[in-house]
Amino acid sequence: MPIISIRDLTVEYDGRRVLDAVNLDIEHGETMVLLGASGCGKSTLLRQVLGLERPKSGSILVKGTDVTRCSEAELNTVRRSIGVAFQDAALFNSLSVEDNIALPLREHTRLAPSIIELVVAMNLAVVDLAGSGKLLPQELSGGMRKRAAVARALALDPEILFFDEPSAGLDPIVAAELDELILLLKEAFGVTMIIVTHELPSAFRIADRIAMLYKGKFVEIGTKDQIRASQDAHVREFLDPTPEEMTKTPAVAAYFEKYLQNQEPNQ
Amino acid sequence: MATVLEGVGRKTIDQLDYIGSLNIQLWATLRAIRSTLPFVGNRYRWRASVKQMLQIGVDALPMVSLMAICTGFILAMQGAAELRRFGALHYVIDLVAVGFTRELGPLLTAVAVSGRSGSAFAAEIGTMKVTEEIDALRVMAFEPVEFVLAPKYLAALIAVPCLSIISNFFGILAGGLFMFFSTHLGLLLYFRYALDSIQLHDVITGLIKSVAFATIIAHVGCLEGFRVSGGPDAVGRSTTSAVVKSTFLVIMADAVFTAIFYFTGKM
């Protein structure tokens with residue numbers, strides 16, 4: 001049975017359809033990358049799976065609980081078994097890095113303070129931030145903040161880890177380091193991971209399977225090799241973007257045509 | 001004509017939506033406020049409440065005191081200018097003492113707290129929304145109302161009435177200083193006359209108003225923060241809106257309370 005099962009999920013904002021009856025199954029221990037261009041609905045899908053928004057129709061089963069219909073208490077039970085590393089880290093600025101990681105442990109467990117301290121130190125070591133625990137989030141670099149967010153996401157030993165655009169805003173070296181960290185987590189903890197990204201090198205490095213979204217629909221779901229071999233026009237456009245193809249899109253071509261027509265009488 | 005009616009209808013619905021949201025938020029906070037109490041609640045929420053009390057109360061003390069002293073002087077001087085013509089200068093004592101206890105102490109404090117803390121609540125929560133910290137709280141199975149709002153509300157409920165009492169004292173003290181310099185009336189004698197002119201129900205009505213003002217300031221500030229969507233400019237707008245709306249509602253509530261107390265013979 002899949003750990004996450006999305007069925008006929010449709011999401012609309014003010015009548016505008018953002019996700020259109022999408023279906024996806026994610027298996028235990030799998031690393032699923034949601035790939036797609038900006039605005040295709042990746043982050044919306046993530047927010048739906050996390051129960052942050054309710055859809056127009058469809059269902060999302062996370063560990064057997066339908067997060068689109070369950071009560072807040074049931075949702076919180078599901079949420080205690082997941083960890084999320086947000087795009088901008090979303091660390092609490094008033095708390096030190098240590099306190100950010102300790103927060104879910106203090107609030108949701110009965111662990112002794114010394115044990116919590118130990119877990120925090122271990123998580124900081126895992127993300128290579130040992131020695132930075134006393135710093136405030138605003139004192140960290142972008143890459144360090146993202147790693148601190150991963151450490152916080154790991155605090156409650158989650159079964160499922162979500163990453164929203166982990167490489168966004170990072171230089172290639174730091175982005176590659178973060179990919180290594182994700183691979184390490186997969187090997188060390190065997191957690192199921194859902195990663196939202198539009199970075200191709202990162203996606204092909206860390207994914208077991210890739211689900212390619214285009215305008216609110218999955219156009220291809222498969223292994224890395226299946227995606228590479230896909231003949232779907234949208235997948236090909238995303239994988240091999242060329243300037244000629246970009247200018248061939250109807251909207252851009254129409255714009256330039258109109259622009260040139262308007263220019264001619266003046267010349 | 002249809003457009004005008006449409007506009008009026010839309011504005012009315014917006015205002016009703018706002019008032020409805022305030023009531024829903026207030027109800028949710030009252031349900032969560034137990035968690036902020038010492039001994040029976042969560043110790044981290046109580047600590048957060050104490051921190052907020054220091055920010056709302058202690059940090060505002062110099063400003064509120066100075067405002068009260070200035071207003072006390074103004075009231076005494078304006079009153080004396082008129083009352084002297086009727087040989088009733090000693091009524092300045094009643095004017096300042098009763099005016100501050102019933103009205104000016106709570107109102108001045110509310111205006112000061114609205115400007116300082118109401119805007120700070122909106123800015124803090126608005127920033128947390130923009131940086132996804134509120135979402136992070138939710139996916140970590142924390143209830144933002146309990147985690148963010150309830151400590152602020154409890155702190156305001158305690159700090160605002162305390163500040164009002166201090167404001168009353170400094171306002172009345174300023175009246176005493178005016179009487180000392182203008183009529184050489186001793187301060188001890190002035191305070192005895194002032195205490196004679198104040199009735200217990202004056203103090204109680206003033207404190208009831210303070211509690212209502214604290215509720216308005218905390219909830220309008222927090223609601224403005226929670227309604228932020230978009231980028232940092234939205235945070236700026238919410239801050240301004242929090243001050244404008246809370247000051248307006250405080251004055252409206254003051255008028256309603258004063259009318260109730262007047263017509264029920266509590267004045």
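Only this structure's heavy atoms are used, side chains among them; waters, hydrogens and symmetry mates stay out. In what follows, chains are A, B, ... by sequence order, proteins preceding strands, each numbered from 1. What you see is a predicted model; the values in this text were computed from it and never measured.
- Between chain B and the options A/Leu103, A/Ile82, A/Val78, heavy-atom pairs under 4.5 Å are most frequent for A/Leu103.
- For the atom pair OG (B/Ser167) and CG (B/Leu66), the distance works out to 11.0 Å, reported to the nearest 0.5 Å.
- A distance-only check finds no donor-acceptor pair linking the side chain of B/Thr36 to the backbone of B/Ala32 [under 3.5 Å].
- Within residues 87-101 of chain A, the residues having any heavy atom closer than 4.5 Å to a heavy atom of chain B are A/Gln87, A/Asp88, A/Ala90, A/Leu91, A/Phe92, A/Asn93, listed by residue number.
- The number of heavy-atom neighbours closer than 6.0 Å to CZ of A/Arg54, taken from other residues, nucleotides and ligands shown, is above 12.
- For residues 12-31 of chain B, the pairs satisfying salt bridge (charged side-chain N to carboxylate O under 4.0 Å, His left out) are B/Asp17-B/Arg227, with sequence neighbours left out.
- Among the candidates B/Thr109, B/Ile166, B/Leu108, the single residue satisfying the side-chain contact (heavy atoms from CB on, under 4.5 Å) test with B/Val64 is B/Thr109.
- Salt bridge status for A/Arg7 with A/Asp25: present, with a side-chain N to carboxylate O gap under 4.0 Å.
- In terms of heavy-atom pairs under 4.5 angstrom with chain B, the leader among A/Asn76, A/Leu50, A/Asp164, A/Val84 is A/Asn76.
- Of residues 125-149 of chain B, those residues with a non-hydrogen atom less than 4.5 Å from any non-hydrogen atom of chain A are, in numerical order, B/Met128, B/Thr131, B/Glu132, B/Glu133, B/Asp135, B/Ala136, B/Leu137, B/Arg138, B/Val139, B/Met140, B/Ala141, B/Phe142, B/Glu143, B/Phe147.
- Salt-bridge annotation for B/Lys11 and B/Glu6: absent, with no side-chain N of the basic residue lying under 4.0 Å from a carboxylate O of the acidic one.
- Residue B/Glu224 forms a side chain to side chain donor-acceptor pair (under 3.5 Å) with just one option from B/Ser246, B/Ser238, B/Ser241, and that option is B/Ser241.
- Between B/Ser117 and B/Gln55, the closest side-chain pair of non-hydrogen atoms is not below 4.5 Å.
- Atom NZ of A/Lys186 has more than 12 heavy atoms from other residues, nucleotides or ligands within 6.0 Å.
- Residues of residues 42-49 of chain B lying under 4.5 angstrom from chain A, judged on non-hydrogen atoms, are B/Asn42, B/Tyr44, B/Arg45 by number.
- Looking at A/Val191 and A/Ile160, their side chains never come closer than 4.5 Å, going by heavy atoms from C-beta outward.
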Please assess B/Gln25 against B/Tyr153 for the test side chain to side chain donor-acceptor pair (under 3.5 Å), listing each intermediate value before the final yes or no. CA-CA 11 Å; B/Gln25 186 184 271; B/Tyr153 184 40; over 6 Å; no
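- Using a 4.5 Å cut-off on side-chain heavy atoms (C-beta onward), B/Val250 and B/Ile217 make contact.
- Side-chain atoms of A/Phe163 and A/Val150, non-hydrogen and from C-beta on, do get closer than 4.5 Å to each other.
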